[in-house]
Amino acid sequence: MDQLVKSPVSPYSVFTRSEWAKLRADTPMTLTAAELDRLRALNDPVSLTDVEEIYLPLSRLLSLYVAATQGLHRATQRFLGTSDGKVPYLIGVAGSVAVGKSTTARVLRQLLTRWPNTPKVDLITTDGFLFPNAFLREHGLMERKGFPESYDTQRLLRFLADIKAGQGKVTAPVYSHLVYDVVPGEIVTVDQPDILIVEGLNVLQPARLPRDGKAIPFTSDFFDFAIYLDAEVPLLRRWYVERFMTLRETAFRNPLSFFRKYADLTEAEALETALGLWSRINQPNLIENILPTRPRADLILRKGDSHDIEQVSLRKL
């Protein structure tokens, strides 16, 4: 991947890890090692030091942004003489497969709930808005899962529009990674949180423009703040393969797993399969659809060889 441009015209302020860590000021560390163990995703070795130096300052910054947005909303209500309900602050978390989006989203959620102005923080992934496997098979899209055309974008947009309109008890579909499909009849309900974190491959991708010229919203139009997890392509490939090989010895052995067939492969066969899946599906999706959205993020967390975040780029206001 190309390096971020560090020129006077760059829209980002770029911080080294140590520079960013200093911004935590006197923010107390409240997350314990046991809590972090429950939040950590497979093959994402985030440590308490990572939380303290990267995510704690970020949670402090976001709490300030949320407080400012809440104040602006109250001022607007006073000006208009209205008393409509609160509007959740939406945070998008984007990036490649295997980059650690889910861990970042879960850690941020836990930290943000501990700020006094944001006691209720919900998290949802866009996986639930994938079309069911039956639909994908019917339309020849099973090997395009995760690409823009595999999502029910209109349903996702309606969900986000309802959230931003301040509606209560907005529902979304549930996705199971075990069966690799949307679970029929199961829903998750989001009821006016202070913050909603939306995590997924596609959260910063623009929709296809209509031919009739009518204005349509993009998913990212609903976000107040967007985060992109970044790493070099060879690192992402290695992490994806390592995760696949680990799952082959664990979750894939579950008889209900969609990927049960991979559990019986030899090590060499499993490695070849993982590399094939990466090169055929995940890397093209990254290059064609995900990576081009990186400049749309407000914050870019760039990871190095050991999954450590080495650089933080914050969009200038």
Side-chain angles (χ1 to χ4, degrees), residues 38-44 90-109 121-163 169-191 193 196-205 207 219-220 222-223 227 229 240 243-244 246-248 250-263 277-278 281-282 285-286 289-290 293:
R38 293 193 293 270
L39 300 172
R40 188 185 291 114
L42 183 67
N43 279 25
D44 189 2
L90 263 61
I91 300 172
V93 179
S96 171
V97 167
V99 76
K101 298 185 301 300
S102 58
T103 298
T104 292
R106 289 196 291 259
V107 169
L108 275 180
R109 179 188 186 185
V121 183
D122 285 344
L123 167 63
I124 194 165
T125 73
T126 59
D127 292 339
F129 295 94
L130 285 160
F131 285 115
N133 286 355
F135 177 94
L136 297 177
R137 289 191 186 98
E138 180 183 349
H139 292 82
L141 293 173
M142 278 302 287
E143 288 228 339
R144 302 286 289 180
K145 203 166 187 178
F147 284 70
E149 60 267 31
S150 66
Y151 288 91
D152 188 345
T153 304
Q154 292 306 310
R155 188 171 185 179
L156 175 58
L157 290 173
R158 287 196 301 271
F159 169 82
L160 294 174
D162 289 344
I163 293 291
K169 298 183 178 179
V170 183
T171 61
V174 172
Y175 186 86
S176 167
H177 288 278
L178 177 64
V179 300
Y180 195 57
D181 201 357
V182 178
V183 182
E186 286 198 23
I187 58 171
V188 61
T189 301
V190 178
D191 190 16
L196 176 64
I197 300 173
V198 183
E199 177 256 308
L201 296 171
N202 64 325
V203 295
L204 296 181
Q205 292 171 10
T219 303
S220 58
F222 295 97
F223 296 146
I227 299 169
L229 274 290
Y240 174 81
R243 187 179 70 177
F244 184 95
T246 301
L247 288 169
R248 168 177 162 266
T250 54
F252 289 176
R253 296 195 176 277
N254 188 319
L256 299 178
S257 174
F258 178 87
F259 300 103
R260 178 64 183 84
K261 59 185 177 181
Y262 296 139
L277 290 170
W278 173 263
I281 300 172
N282 295 292
N285 194 21
L286 170 64
N289 300 305
I290 302 169
T293 70

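Here the structure is a predicted model, which is why all the values come from computation and not from measurement.
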Sequence neighbours left out, what passes ring pair (Phe, Tyr, Trp, His ring centres under 6.0 Å) with [X]? Give chain and number order.
X	result
F252	F244, F259
F129	F159
Y151	none

In a check of side-chain contact (heavy atoms from CB on, under 4.5 Å) between F222 and each of I163, L156, L157, V203, which one passes? L157

When rounded to the nearest 0.5 angstrom, what distance separates [atom1] in [X] from [atom2] in [Y]?
X	Y	atom1	atom2	value
T293	L204	OG1	CG	4.5 Å
L196	L123	CG	CG	7.5 Å
L90	S220	CG	OG	11.5 Å
T104	E199	OG1	CD	9.0 Å
N202	T126	CG	OG1	4.0 Å

Using a 3.5 Å distance criterion without hydrogens, assess whether the side chain of [X] forms a donor-acceptor pair with backbone atoms of [Y].
X	Y	answer
S257	R253	no
D127	S176	no
K169	V190	no

Which residues pass the salt bridge (charged side-chain N to carboxylate O under 4.0 Å, His left out) test with [X], sequence neighbours left out?
X	value
E138	none
R144	E149
R137	none
D122	R109

Should L247 and Y262 be marked as a side-chain contact (heavy atoms from CB on, under 4.5 Å) after you check the CA-CA gap, both sets of side-chain angles, and the distance that decides it? CA-CA 9 Å; L247 288 169; Y262 296 139; over 6 Å; no

Which residues pass the side chain to side chain donor-acceptor pair (under 3.5 Å) test with [X], sequence neighbours left out?
X	answer
D191	none
T125	none
Y175	K145
R260	D264

Kindly indicate, with the supporting measurements, whether the criterion side-chain contact (heavy atoms from CB on, under 4.5 Å) is fulfilled by L178 and F258. CA-CA 6 Å; L178 177 64; F258 178 87; over 6 Å; no

For V107 and T103, what are the C-alpha separation, side-chain angles and deciding distance, and is it a side-chain contact (heavy atoms from CB on, under 4.5 Å)? CA-CA 6 Å; V107 169; T103 298; 4.1 Å; yes

Go through V93 and L229 one step at a time and tell me if the side-chain contact (heavy atoms from CB on, under 4.5 Å) criterion holds. CA-CA 8 Å; V93 179; L229 274 290; 4.0 Å; yes

Those residues that, when tested against N285, pass side-chain contact (heavy atoms from CB on, under 4.5 Å) (two or more places apart): F147, P148, L201, N289, I290

